[in-house]
Amino acid sequence: MDILLTHGYFLYEDPKELQIMKPYPPLGILYICSHLRNKGFKAEVFDSTFSSRQQLWDLLRQGPPSVLGVYANLMTRPNVVEILRTAKEAGWRTVVGGPEPGAYVDEYLAAGADVVVVGEGELTLEEVVPVLRVGGFDKLGQIDGIAFLSPDGSVVQTKPREQIKDIDAQPWPAREAIDMTRYVAVWRQHHGMGSVSLITARGCPYHCRWCSHEVFGKTHRRRKPASVADELAWLINRYHPQMAWMADDVFTIHHGWLFQYATELRHRGVKLPFECISRADRLNLQVVQTLADMGCFRVWIGSESGSQRILDAMERGVTVEQVQTAVALCRSAGIQTGMFLMWGYEGEDISDIEATVEHVKKTDPDIFFTTVAYPIKGTPYFSDVAERVENPKPWSESSDREFRVRNRHSRQFYRFADKLLRSEVELRRLGQKPDANNTSMAELRSGIAEARAGLRATISEVEV
Ligand code: B12
Ligand code: SF4
């Protein structure tokens, strides 16, 4: 074997996901695997999703050691660090890539990575693997898009790797390298519908200040509609899913593309229910109707805040009204909406929280999720608050999600904001039902009063 690829996500160690059970395969390393195989490398994938770390340790220790490539994102860092350490001890050469390592080059090198890959992995690994296989470390300096330690211990970072020009020329992800049927089966068992995922583009040109652009920068490359339609048709044939997730950042970003894709699906007689993410400003009547015609049953929208002031501070490039219109359009086309909301962005005060509550009540999405903003290293938001960022734990045991931002409201404050939002929305929904239970409504009202009192009481509590 020339390279073993893995990621550090172990589903059975994730109590939250065990409740949700909506796993998807790691497309990034599957794209790398198919690329390397096409170039004649013996590439394999150890898919940690359904495995245990002991199985991975056994494999690494059993050898013979080769090159191990590990995908890392901000949640998997502690696992990835442990994988790197175990692999090194067992004699493997190690390379790490994905959306996080580019922001923490020094740390990943110190944690045992021989090479950190910054940006897209395919072309870079094609050059890195032969060098690591023969131990010709002196040649690393000639490879674009990497960082490594020189013999004197200093960090060398080579020039950025050019992105793949024609992503249509790339092979589809090597799904046959993993047990794909298990993903589909888990979905079917827990949700009555088997699901598959695919991506139609790379990179997002927007510049929301908290969003990580580590891998693709602010570029945008799209696949041809026909190729995506072929991949979906192939997935249906091969895995018999009942739905798909279009895992793009903004599936509806290019309207002309979307209409052509719809035509390609129609020509193939393919219609599979699917969900996707969109920006509100990339949805209009024609787009929403096209989505519905193609089988879209749910659109996820990053709404983030009901306060225009905060949306502008985020450079979100969307108005509160656009979100409200987009959700209404989806509803009228029979498409459900899911909304992402963020508390605690810089400058947010109680009036912005109240605006968000009003916005969600008015918009009434089918589902919404909230999160307290966290500054991902490498983003403009991180730079804005860098001087106030504290990590309560050692780097190798934590993630950027655990950052504390000094002088920001306390976690308790945001728990009250959340309670206020959920109770207000629930009360509104109940109030619309003719048979609404009076006791439940009274409980919600008292919850709302408690949440508002809690917000006022904790307003001066700040993160330290
Ligand atoms: C799909 C997706 C998910 C799915 C994951 C399903 C799966 N198993 O893949 C779900 C919904 C579960 C998810 C969850 C989360 N996600 Co997510 N997700 C994405 C998304 C939209 C697409 C991923 C994808 O398939 N990309 C396409 C492939 C081709 O790109 P890629 O994976 O980056 O791989 C390329 C390079 O990174 C590199 N590479 C990848 N692996 C390796 C390995 C080696 C050895 C090398 C050398 C190179 C290399 O080469 C690849 C090919 O060019 C990305 C954004 C994006 N557009 O990438 C966010 C993204 C990865 N997610 C992100 C985040 C923050 C999360 C969550 C933390 C969100 C949350 N608050 O819970 C969780 C973490 C879950 C977890 N436990 O790991 C961030 C990561 C930021 C960071 N610095 O780590 C991203 C970048 C979004 C963003 N812009 O902020 N996510
Ligand atoms: S949040 Fe979405 S729209 Fe904004 S930059 Fe990130 S991927 Fe693009």
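Start at 1 and go down the list; that is how both ligands and their atoms are numbered. Just so we're clear, the structure is a prediction, and the values are computed from it rather than from any experiment. Quick note: residue numbers are just sequence positions, from 1.
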*asked:* What I want to find out is whether Asp144 reaches Lys159 closely enough, with some N-O distance under 4.0 Å, to be called a salt bridge.
replied: yes
*Could you pull out the closest heavy-atom pair between Pro380 and Arg209, with the gap in Å?*
CD-O, 3.1 Å
*asked:* Assess whether a salt bridge exists between Asp14 and Lys16, defined as any Lys/Arg side-chain N lying under 4.0 Å from an Asp/Glu carboxylate O.
replied: no
*asked:* Between Arg37 and Glu176, does any NZ, NE, NH1 or NH2 come within less than 4.0 Å of an OD or OE carboxylate oxygen?
replied: yes
*Please state which protein non-hydrogen atom is closest to atom 3 (S) of ligand 2 and give its distance, to 0.1 Å?*
Arg279 NH1, 3.4 Å
*Is the CD atom of Gln54 crowded by more than 12 outside heavy atoms at less than 6.0 Å?*
yes
*Close aromatic pair by centroid cut-off 6.0 Å: Tyr24 and Trp187*: yes
*Residue Trp210 vicinity, atoms of ligand 2 by number, heavy atom under 4.0 Å*: 1 (S)
_Test side chain to side chain contact (heavy atoms under 4.5 Å, CB included) applied to Thr6 and Val45, Leu68, Val80, the passing residue_ = Leu68
*Using heavy atoms and a threshold below 4.0 Å, how should the contact between Phe216 and ligand 2 be classified: side chain, backbone, both, or neither?*
neither
Filter the ligand 1-protein atom pairs down to N or O on both sides and distance under 3.5 Å, then list them.
{"from": "ligand 1", "atom 1": "8 (N)", "to": "Tyr24", "atom 2": "O", "distance (Å)": "2.8"}
{"from": "ligand 1", "atom 1": "8 (N)", "to": "Pro25", "atom 2": "O", "distance (Å)": "3.3"}
{"from": "ligand 1", "atom 1": "9 (O)", "to": "Pro25", "atom 2": "O", "distance (Å)": "3.4"}
{"from": "ligand 1", "atom 1": "50 (O)", "to": "Gly121", "atom 2": "N", "distance (Å)": "2.9"}
{"from": "ligand 1", "atom 1": "53 (O)", "to": "Gly121", "atom 2": "N", "distance (Å)": "3.4"}
{"from": "ligand 1", "atom 1": "53 (O)", "to": "Glu122", "atom 2": "OE1", "distance (Å)": "2.7"}
{"from": "ligand 1", "atom 1": "53 (O)", "to": "Arg202", "atom 2": "NH1", "distance (Å)": "3.3"}
{"from": "ligand 1", "atom 1": "57 (N)", "to": "Asp249", "atom 2": "OD1", "distance (Å)": "3.0"}
{"from": "ligand 1", "atom 1": "57 (N)", "to": "Asp249", "atom 2": "OD2", "distance (Å)": "3.1"}
{"from": "ligand 1", "atom 1": "71 (N)", "to": "Tyr374", "atom 2": "OH", "distance (Å)": "3.1"}
{"from": "ligand 1", "atom 1": "71 (N)", "to": "Arg401", "atom 2": "NH1", "distance (Å)": "3.1"}
{"from": "ligand 1", "atom 1": "72 (O)", "to": "Arg401", "atom 2": "NH1", "distance (Å)": "3.3"}
{"from": "ligand 1", "atom 1": "78 (O)", "to": "Asn73", "atom 2": "ND2", "distance (Å)": "2.9"}
{"from": "ligand 1", "atom 1": "83 (N)", "to": "Pro99", "atom 2": "O", "distance (Å)": "3.3"}
{"from": "ligand 1", "atom 1": "84 (O)", "to": "Leu74", "atom 2": "N", "distance (Å)": "2.8"}
{"from": "ligand 1", "atom 1": "89 (N)", "to": "Ser212", "atom 2": "O", "distance (Å)": "2.9"}
{"from": "ligand 1", "atom 1": "90 (O)", "to": "Ser212", "atom 2": "N", "distance (Å)": "3.4"}

*Below 4.0 angstrom, N of the basic side chain to O of the carboxylate: do Asp400 and Arg77 qualify?*
yes
*If you draw a sphere of radius 2.8 Å around atom 6 (Fe) of ligand 2, how many protein N/O/S atoms end up strictly inside it?*
1
*Between the side chain of Arg316 and the main-chain N/O of Gln308, is any donor-acceptor distance below 3.5 Å?*
no
*Just checking, any donor-acceptor pair under 3.5 angstrom between side chains of Arg133 and Ser66?*
yes
_Side-chain ion pair, Glu390 and Arg404, N-O less than 4.0 Å_ = no
*Identify, for atom 2 (Fe) of ligand 2, the protein heavy atom at the shortest distance, and state residue, atom and that distance.*
Arg316 NH1, 4.1 Å
